[in-house]
Amino acid sequence: MRKKRDAWKSRLGIIMAVSGSAVGLGNFLRFPVQAAQNGGGAFMIPYFISLLLLGIPLMWIEWTVGRFGGGFGHGTAPGIFHTMWEKNRFIKYFGVIGIFGPLVIFIYYNYIASWTLAYAVFSAVGKYGPVADQEGMLSLLKGFQGIEKNQFFSSLQSAYLFFLITFSINIFIIYKGISGGIERLCKIAMPTLFVFGVIIAVRVLTLGAPDPSRPGWNIMNGMGFLWNPDFAALKNAKVWLAAAGQIFFTLSVGIGVILTYASYLKKNDDVALSGLTAASTNEFAEIIIGSSIVIPAAFVFFGPHQIQSIAAGGAFNLGFVTMPLVFQKIALSAFFGCMWFALLFLAGITSSVSLAQPSIAFLEDEFNISKKKAVIIFAAVSFILCQPAIFFLKHGVVNELDFWGGTFCLVLFATVETILFGWVFGIEKAWEEMHHGADLKIPKIYKFIIKYITPLFLFLILGFWFVQEGIPTILMKGVSQADKPYVLGARLMLVGMFVVLGIMVKIAWRKRAKTRNNR
Ligand code: PFF
């Protein structure tokens, strides 16, 4: 007999949970860096186009497809894809990406989230108090991450401790389940995060021009740095790729996580308005709050030239290196520092639990095992898989995982999903399913967009991206000789994970066929 599946308690709960997954380190750390690196205002044009033609359609697709699959007792892509295209024996293996991708991101995302917890504590106890410049702050970060041994840290011990704490919090929440764990967490964490975000943004926006000898280094120019359009950049395919990539990453779409969350909906629950609300919440956090913190703050203290070099230094480093320095220069520095990193930690944890859920749902739904067992298996396996990201960070393992899990899988999975929805399932049926129980009438133009424009856009991105970034990455261009064995090792681990998941799908389906035959 099929087990009763978990369910969301309230509509607000699932909207908070999906927003919780979407609003993450991507909004506050990755977005400003991507925007600044890709021409500021010029980046925003492809960004908004990608939001309208990729992000929002995919949000609707995933909510609809997830709810549909949940009705058949499937919470992950292998089972869901199979119910949408029963005649095809291979489609379930494409679905493996929808468990694999989130698991790969989980492995490193969880670790990065643990740095924010550590830095919240460092802010409170004044650990970085004596550090006065960027170089010092960078070496503190490197010492913490185990990239170098220095006067701040001589081992990975404290990073590992914060990893253990963060990992345990994740497991505890997942163990508590969909409504008792994730929904409860997000209902508290999301409003808190927004309050913190608004307070910090207002503080940054009222900085004015803190250095009287450099009146040009003011907030208005800082915002201009991000928003002044440079139309020449639009001709560059790289800018389009970066914008589309950011849309996927920030909305948590194209990876399987929202499929799983939506599978816990009931048949008559609305998906149209809820999906749009979650997307809008994320965009508010990104465009209004996310853009008003790191870049303008760094601009007024470091100026237009240095900020470029800081932005080039790494997508996640910026928030760890510049923000503590900025806070040191204002009153109540420990308070603001603590609040900034607590905000990041809340954003990180509500996203990382969502990344774990597809694996749990897969074990529960397809192997008919209890939640408790599923969580124990997940905890043991993912704990081991996290280790290379921690110990070999300095050899580029995290970048490698991010490339395959956080970029490649997203675009590929989104393409498969969109074709399946608009063409195999059929746009008429798809449109009807989207509007079942809906509280919003989706503009008709989206029928055309979902069928033709979204897949076309995805194919173009996939093609350009493969040539520009895929091939050099596969050939390990730019990877030093010393790091090659580690990058190769990470790839072997990924292939191993994918194969094991594929075999598990095969076993689950064989078992199901047997039970059906015995009936
Ligand atoms: N959306 C998250 C962020 O902006 O940080 C990251 C993320 C979470 C990506 C969950 C993908 C995902 F499935």
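In each ligand, atom 1 is the first atom listed, and ligand 1 is the first ligand listed. Only this structure's heavy atoms are used, side chains among them; waters, hydrogens and symmetry mates stay out.
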Q. Does the pair Glu433/Arg67 count as a salt bridge with the N-to-O cut at 4.0 Å?
A. yes
Q: Determine yes or no for a side-chain-to-main-chain donor-acceptor pair under 3.5 angstrom, with Thr83 supplying the side chain and Ile80 the backbone.
A: yes
Q.
Set out, in order, the CA-CA distance, both residues' side-chain angles and the distance that settles ring pair (Phe, Tyr, Trp, His ring centres under 6.0 Å) for Phe403 and Trp465, then state yes or no.
A. CA-CA 12 Å; Phe403 174 79; Trp465 170 85; 5.6 Å; yes
N/O contact list for ligand 1, threshold under 3.5 Å:
{"residue": "ligand 1", "atom": "1 (N)", "partner": "Ser21", "partner atom": "O", "Å": "3.2"}
{"residue": "ligand 1", "atom": "1 (N)", "partner": "Ala22", "partner atom": "O", "Å": "2.9"}
{"residue": "ligand 1", "atom": "1 (N)", "partner": "Phe249", "partner atom": "O", "Å": "2.8"}
{"residue": "ligand 1", "atom": "1 (N)", "partner": "Thr250", "partner atom": "O", "Å": "3.2"}
{"residue": "ligand 1", "atom": "1 (N)", "partner": "Ser252", "partner atom": "OG", "Å": "3.1"}
{"residue": "ligand 1", "atom": "4 (O)", "partner": "Ala22", "partner atom": "O", "Å": "3.0"}
{"residue": "ligand 1", "atom": "4 (O)", "partner": "Gly26", "partner atom": "N", "Å": "3.4"}
{"residue": "ligand 1", "atom": "4 (O)", "partner": "Asn27", "partner atom": "OD1", "Å": "3.3"}
{"residue": "ligand 1", "atom": "5 (O)", "partner": "Leu25", "partner atom": "N", "Å": "3.1"}
{"residue": "ligand 1", "atom": "5 (O)", "partner": "Gly26", "partner atom": "N", "Å": "2.8"}
{"residue": "ligand 1", "atom": "5 (O)", "partner": "Tyr109", "partner atom": "OH", "Å": "2.6"}

Q: List in chain and number order the residues that pass salt bridge (charged side-chain N to carboxylate O under 4.0 Å, His left out) with Glu400, two or more places apart in sequence or in another chain; answer none if no residue qualifies.
A: Arg491
(Q) Salt bridge check, Arg11 against Asp270: does any charged N sit closer than 4.0 Å to a carboxylate O? (A) yes
Q: Go through Trp60 and Tyr446 one step at a time and tell me if the ring pair (Phe, Tyr, Trp, His ring centres under 6.0 Å) criterion holds.
A: CA-CA 10 Å; Trp60 278 326; Tyr446 268 101; 5.1 Å; yes
